[in-house]
Amino acid sequence: MAALSLLSLIALLLLPALLLLLSIIVRPRPVRIPLKNRHVFITGGSSGIGLALAHRAAAEGARVSILARSQAKLKEAREAIRLATGIDVATFSADVRDFDALRRVAEEAEPVDVMVVNQGVFVAEELAKQELEVVKLIIDVNLIGSFNMIKAFLPAMKARTDRRPASIALMSSQAGQVGIYGYTAYSASKFGLQGLAEALQQEIIADDIHVSLVFPPDTDTPGLVEENKRRPPLTSIIAASSGAMKADEVAEKTINGIKSGSFIVPCNFEGYLLAILTGGVSPQRSYVMAFVEMVSAGIVRLACLFFQWSWYSSIENWHSQSKQ
Ligand SMILES: NC(=O)C1=CN([C@@H]2O[C@H](COP(=O)(O)OP(=O)(O)OC[C@H]3O[C@@H](n4cnc5c(N)ncnc54)[C@H](OP(=O)(O)O)[C@@H]3O)[C@@H](O)[C@H]2O)C=CC1
Ligand SMILES: CCCCCCCCCCCCCCCC(=O)[C@@H](N)CO
């Protein structure tokens, strides 16, 4: 009994001490990024998650610009946002693979306060079947396209006259935290964003620019409808381990993540668990989350091992059935 109460006394003293320590050491320091009257620039803003983000940013009182290739889809998006919010967004037609075109857009547009690099392509297919052309397309649009955007817009962001904190948010995917069957190219492109984001945050913190990396699960968008037409069944089975979301729900999580300056932005419960492990060495501004990560990492790792067990069982079953 005495030993037990001694233990609980120690725990009672240690926990607040640990919280205090974490609150002192977490870096970067917490930050708030206001959106009202700021210029929010969203790539892939004509469809799906990007369009939902444009709606929400406009409703928050931001000046919004959207970029995509198709003029027709941009126009349609602009009309839809005007109808819903009464606000006019600026539209820019360009391909993120074309750096010179992006530089011209950056010159034409006002300096950006919040850049959401959200464009993306996804074709789920086993690598043995996927053409290298498609692999290169996925890496080019999702990863190199993100570099192009940042290179084109960062100089003006650094020189902005609005000296309030600014943000660069990158749209990853839970397939950027876990490699998933059918997503060799896609997962590689999204894992690449994590290295980009972590290194970039260290480079631009002095300019008061804050990086967010968003990790949605399957999200109901025109892109997903297209993808589902040819998605390997095992991709769908494994992806179903995390609940599906609506584009507007992901947009809400993203906007809140940006405003609170969160580096890692999970979108659902599974996403929070994944973030605890895959956040690894990435920055954490919240001492409460840092505390949660410290005390729960071991047990979450166990849960993930169970997921791997179930995924590899599905893969085994699939192969044994297709052999019959
Ligand atoms: N839907 C999902 O299940 C999930 C999506 N994500 C990620 O969220 C992001 C948005 O996805 P989602 O809303 O589903 O996608 P959609 O396919 O619905 O929309 C994609 C947008 O990106 C634009 N785009 C595509 N290629 C280029 C290009 N080369 N240059 C400029 N713009 C381009 C498209 O316009 P246009 O074709 O006219 O250029 C469109 O506006 C992507 O990064 C995706 O990887 C992450 C997790 C889950
Ligand atoms: C204890 C820890 C919990 C673990 C749960 C793990 C769940 C992993 C599921 C990964 C889902 C990947 C969806 C990709 C969506 C996407 O990007 C495509 N639709 C393309 O757009």
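When a ligand or atom number is given, it counts from 1 through the structure's own listing order.
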Report summary line: Near Ala94 (heavy-atom distance under 4.0 Å), the atoms of ligand 1 are 30 (N), 31 (C)

Query raised in the report: Taking Gln119 for the side chain and Val141 for the main chain, is one N or O donor matched with an acceptor at less than 3.5 Å?
Result: yes

Report task. Could you find the nearest protein heavy atom to atom 9 (C) of ligand 2 and give me its residue, atom name and distance? Result -> Ser242 CB, 3.8 Å

Query raised in the report: Looking at ligand 1, does Ala175 have a heavy atom less than 4.0 Å from it?
Result: no

Query raised in the report: Could Arg163 and Asp208 be called an ion pair, given the rule that one side-chain N must be under 4.0 Å from one carboxylate O?
Result: no

**Report entry** atom 14 (O) of ligand 1 - nearest protein heavy atom and its distance
**Finding:** Thr221 OG1, 2.6 Å

Query raised in the report: Relative to the heavy atoms of Leu273, which atoms of ligand 2 are at a distance of less than 4.0 Å?
Result: 1 (C), 2 (C)

**Report entry** Closest protein heavy atom to atom 23 (C) of ligand 1, given as residue, atom name and distance to 0.1 Å
**Finding:** Gly44 CA, 3.6 Å

Report task. For atom 18 (C) of ligand 2, grab the closest protein heavy atom and report residue, atom and distance to one decimal in Å. Result -> Tyr183 OH, 3.0 Å

Report task. Could you tell me the residue and atom name of the protein heavy atom closest to atom 27 (C) of ligand 1, and the distance to it rounded to 0.1 Å? Result -> Arg69 NE, 3.5 Å

Query - Glu131 CD: over 12 foreign heavy atoms closer than 6.0 Å - result: no

Requested in this report: Determine, using heavy atoms of Pro222 and all atoms of ligand 1, whether some pair is separated by less than 4.0 Å.
Outcome: yes

Query raised in the report: Got the closest protein heavy atom to atom 11 (O) of ligand 1, with its distance?
Result: Phe122 CE2, 3.9 Å

**Report entry** For atom 38 (O) of ligand 1, closest protein heavy-atom neighbour
**Finding:** Ser70 N, 2.8 Å

Query - Check: Arg29 main-chain N/O paired with Arg285 side-chain donor or acceptor under 3.5 Å - result: yes

**Report entry** Charged N-O contact under 4.0 Å between Glu126 and Lys129
**Finding:** yes

Query raised in the report: Should the pair Arg97-Asp140 be classified as a salt bridge under the 4.0 Å nitrogen-to-oxygen rule?
Result: no

Query raised in the report: How far apart are the closest heavy atoms of Pro283 and Pro28, and which atoms are they?
Result: CB-CD, 3.4 Å

Requested in this report: In plain terms, say whether Arg103 and Asp98 are close enough for a salt bridge, that is, a side-chain N and a carboxylate O under 4.0 Å apart.
Outcome: no

Query raised in the report: With a cut-off of 6.0 Å (strictly less than), are more than 12 heavy atoms of other residues, nucleotides or ligands near CG of Leu15?
Result: yes

Query raised in the report: Relative to ligand 1, is Glu226 under 4.0 angstrom through side chain, backbone, both or neither, heavy atoms considered?
Result: neither

Report summary line: Ranked by distance from atom 32 (N) of ligand 1, the top protein heavy atom is Ala68 CA, 3.7 Å

Query raised in the report: At what distance, to the nearest 0.5 angstrom, does CD of Gln71 lie from NZ of Lys75?
Result: 10.0 Å

Report task. Using a strict 4.0 Å threshold on nitrogen-to-oxygen distance, state whether Arg230 and Glu227 make a salt bridge. Result -> no

Query raised in the report: Salt bridge check: are Arg164 and Asp113 linked by an N-O gap of less than 4.0 Å?
Result: no

Query raised in the report: When you check the gap from the basic side-chain N to the acidic O, do Arg82 and Glu79 get nearer than 4.0 Å?
Result: yes

Requested in this report: Heavy-atom distances under 4.0 Å are what count here, so tell me which part of Leu224 touches ligand 2: side chain, backbone, both or neither.
Outcome: side chain

Query raised in the report: Ala244 near ligand 1, heavy-atom distance under 4.0 Å?
Result: no

Report summary line: Here the atoms of ligand 1 under 4.0 Å from any heavy atom belonging to Gly48 are 13 (O), 18 (O)

Report summary line: of all protein heavy atoms, closest to atom 41 (O) of ligand 1 is Ser46 OG, 2.7 Å

Query raised in the report: Among protein heavy atoms, which sits nearest to atom 3 (C) of ligand 2, and what does the distance come to when rounded to 0.1 Å?
Result: Phe307 CE1, 3.6 Å

Report summary line: Heavy-atom closest pair (Gly45 atom, Ala77 atom, distance to 0.1 Å) is O-CB, 4.2 Å

Query raised in the report: Under 30°, 30 to 60°, or over 60°: which ring-plane class applies to Tyr186 and Tyr183, parallel, tilted or perpendicular?
Result: tilted

Query - For Gln119, atoms of ligand 1 separated by under 4.0 Å from a heavy atom - result: 22 (O), 32 (N), 33 (C), 43 (O)

**Report entry** Contact partition for Gln177 relative to ligand 2, non-hydrogen atoms under 4.0 Å
**Finding:** neither

Report summary line: Going by the 4.0 angstrom heavy-atom rule, the piece of Ile180 near ligand 2 is side chain

Query raised in the report: Heavy atoms only: which of Gly120, Pro216, Ser172, Gly223 is nearest to atom 7 (C) of ligand 1?
Result: Ser172

Query raised in the report: Can you say whether the rings of Phe307 and Trp311 are parallel (under 30°), tilted (30 to 60°) or perpendicular (over 60°)?
Result: tilted

Query raised in the report: Which residue holds the protein heavy atom closest to atom 8 (O) of ligand 1, what is that atom called, and what is the gap in Å?
Result: Met171 CG, 3.3 Å

**Report entry** Heteroatom distance test (Tyr186, ligand 2): nitrogen or oxygen, under 3.5 angstrom
**Finding:** yes

Report task. Kindly confirm or rule out an N or O of Val96 lying under 3.5 angstrom from an N or O of ligand 1. Result -> yes

Query raised in the report: Is there a heavy atom in Phe306 that sits closer than 4.0 Å to ligand 2?
Result: no

Report task. Just need the protein heavy atom nearest to atom 12 (C) of ligand 2, so name the residue and atom and give the distance. Result -> Ala175 N, 3.8 Å

Query raised in the report: Counting distance only, does the side-chain N/O of Ser212 pair as donor-acceptor with the main-chain N or O of Ser262 below 3.5 Å?
Result: yes

Query raised in the report: Is the shortest side-chain N to carboxylate O distance from Lys259 to Glu60 below 4.0 Å?
Result: yes

**Report entry** Protein residue, atom and distance nearest to atom 14 (C) of ligand 2, heavy-atom basis
**Finding:** Ser173 OG, 3.5 Å

Requested in this report: Using atom types as modelled and distance alone, determine if a side-chain donor or acceptor of Arg160 lies under 3.5 Å from a backbone N or O of Pro111.
Outcome: no

Query raised in the report: If you measure from atom 9 (C) of ligand 1 to every heavy atom of Asp95, Ile49, Asn118, Thr43, which option wins on shortest distance?
Result: Asn118

Requested in this report: Could you list the atoms of ligand 2 found under 4.0 angstrom from a heavy atom of Ala303?
Outcome: 1 (C)

Query raised in the report: Are Cys304 and ligand 2 in contact, using a heavy-atom cut-off of under 4.0 Å?
Result: yes

**Report entry** Check: Met245 and Asp220 side chains under 4.5 Å, non-hydrogen atoms
**Finding:** no

Query raised in the report: If you measure from each heavy atom of Gln174 to ligand 1, is any distance below 4.0 Å?
Result: no

Report task. Considering heavy atoms of the protein only, find what lies nearest to atom 19 (N) of ligand 2 and give residue, atom and distance to 0.1 Å. Result -> Asp218 OD1, 2.8 Å

Report summary line: Note: heavy atom closest to atom 4 (C) of ligand 1, options Ala251, Ser173, Pro217, Ser47, belongs to Pro217

Query raised in the report: Going by heavy atoms, is Tyr186 under 4.0 Å from ligand 1?
Result: yes

Report summary line: Atoms of ligand 1 under 4.0 Å from any heavy atom of Asp218, numbered from 1 in the order shown, are 3 (O)

